[in-house]
Chemist: 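Take a look at the following structure, please.
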Amino acid sequence: MPTVRTAKKQSPAKSVSPGKAAAARPAKQAAKKAAAQDPTNPQRVQTILHRLAQHYPNAVCALHHKNAWQLMVATILSAQCTDVRVNLVTPALFRRFPTPQAMAKASQEEVEELIRTTGFFRNKAKNVIGAARRVIGEFGGKVPQTMEQLLTIPGVARKTANVVLGSWYKIALGVVVDTHVMRITQRLELTKSTTPEKIEQDMMRLIPQESWIDFSHRIIHFGRGICIARKPRCADCFLEDLCNSKDKTWSTH
Ligand code: SF4
């Protein structure tokens, strides 16, 4: 049976003077162009998130851990240090001091020796022991699940708190901003900010909350494998067509 098409009922034309309509057109086009050129426009952000998800569907935290306490300690140790290095020292550390209770009684010297190769070991040892005492004294031996409480623990700032909340408790209260996230969000012009705190706020505005946890994991993997600090592998990069960074080593546009 042939399809019967009915003519759409025409609504009465609005009386816009031809002169006014012509004047509005360039303004609209300019606004559209400006939005398209804005590197934080939602469509571009979505494309970046989508490609990251395609390339790193199962990205997780690279720090080895079995519980929230171990993850918190490993993250404290990861400051100014690689995750690979941290993963080399934590097995012996957690064997010797398996719980916050054991760590709270540890001697500063012994902890320092066990974590020496992660750098800043005196301060880190002090923080890890202090964290254990705080977790026992204030939170019943359990790593807390709120940002406010986590931030009262020695050695824990927003980055560590976000790692514990996101990776262990699966609570997205913020975006983890480490050195990779800082560098890459700047290269991709997702932020003009230069401090982790401000970059986190920018990302929280730009990225849907349900993507906050995965976004950081994926960017960190991307930063280790492709958009590396010194010499980014732009020729192998799946975001190259979207990237205008001055750090690019190869470009198609
Ligand atoms: S093109 Fe190069 S600089 Fe840009 S995101 Fe990719 S690897 Fe990084």
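Order of appearance sets the numbers: ligands from 1, and atoms from 1 within every ligand. Numbers here simply count residues along the sequence, with the first being 1.
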Chemist: Does Arg116 count as lying over the ring of Phe121, i.e. NZ or CZ under 6.0 Å from the six-ring centre, within 45 degrees of the axis?
Modeler: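 So Arg116 does make the cation-pi contact.
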Chemist: I need the nearest protein heavy-atom contact for atom 6 (Fe) of ligand 1: residue, atom name and distance, please.
Modeler: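 Here the nearest protein heavy atom works out to Cys237 SG, 2.4 Å.
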Chemist: Quick check for you: to the nearest 0.5 Å, what is the distance between Ser216 atom OG and Glu200 atom CD?
Modeler: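 Between Ser216 OG and Glu200 CD, I get 8.5 Å after rounding to 0.5 Å.
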Chemist: Who's the nearest protein heavy-atom neighbour of atom 8 (Fe) of ligand 1, and how far?
Modeler: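 For atom 8 (Fe) of ligand 1, the nearest protein heavy atom is Cys227 SG, 2.4 Å.
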Chemist: Counting only heavy atoms not in Gln43, do more than 12 sit closer than 6.0 Å to its CD atom?
Modeler: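 It does not: Gln43 CD has 12 such atoms or fewer within range.
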Chemist: Please determine if atom 8 (Fe) of ligand 1 has an N/O/S atom from Cys243 lying under 2.8 Å away.
Modeler: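 False for Cys243.
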Chemist: Atoms of ligand 1 less than 4.0 Å from Cys234 heavy atoms?
Modeler: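 So the answer, numbered in order with elements, is 1 (S), 2 (Fe), 3 (S), 7 (S).
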Chemist: Is the closest side-chain heavy-atom distance between Arg187 and Cys227 below 4.5 Å?
Modeler: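 Of all side-chain heavy-atom pairs linking Cys227 with Arg187, at least one is under 4.5 Å.
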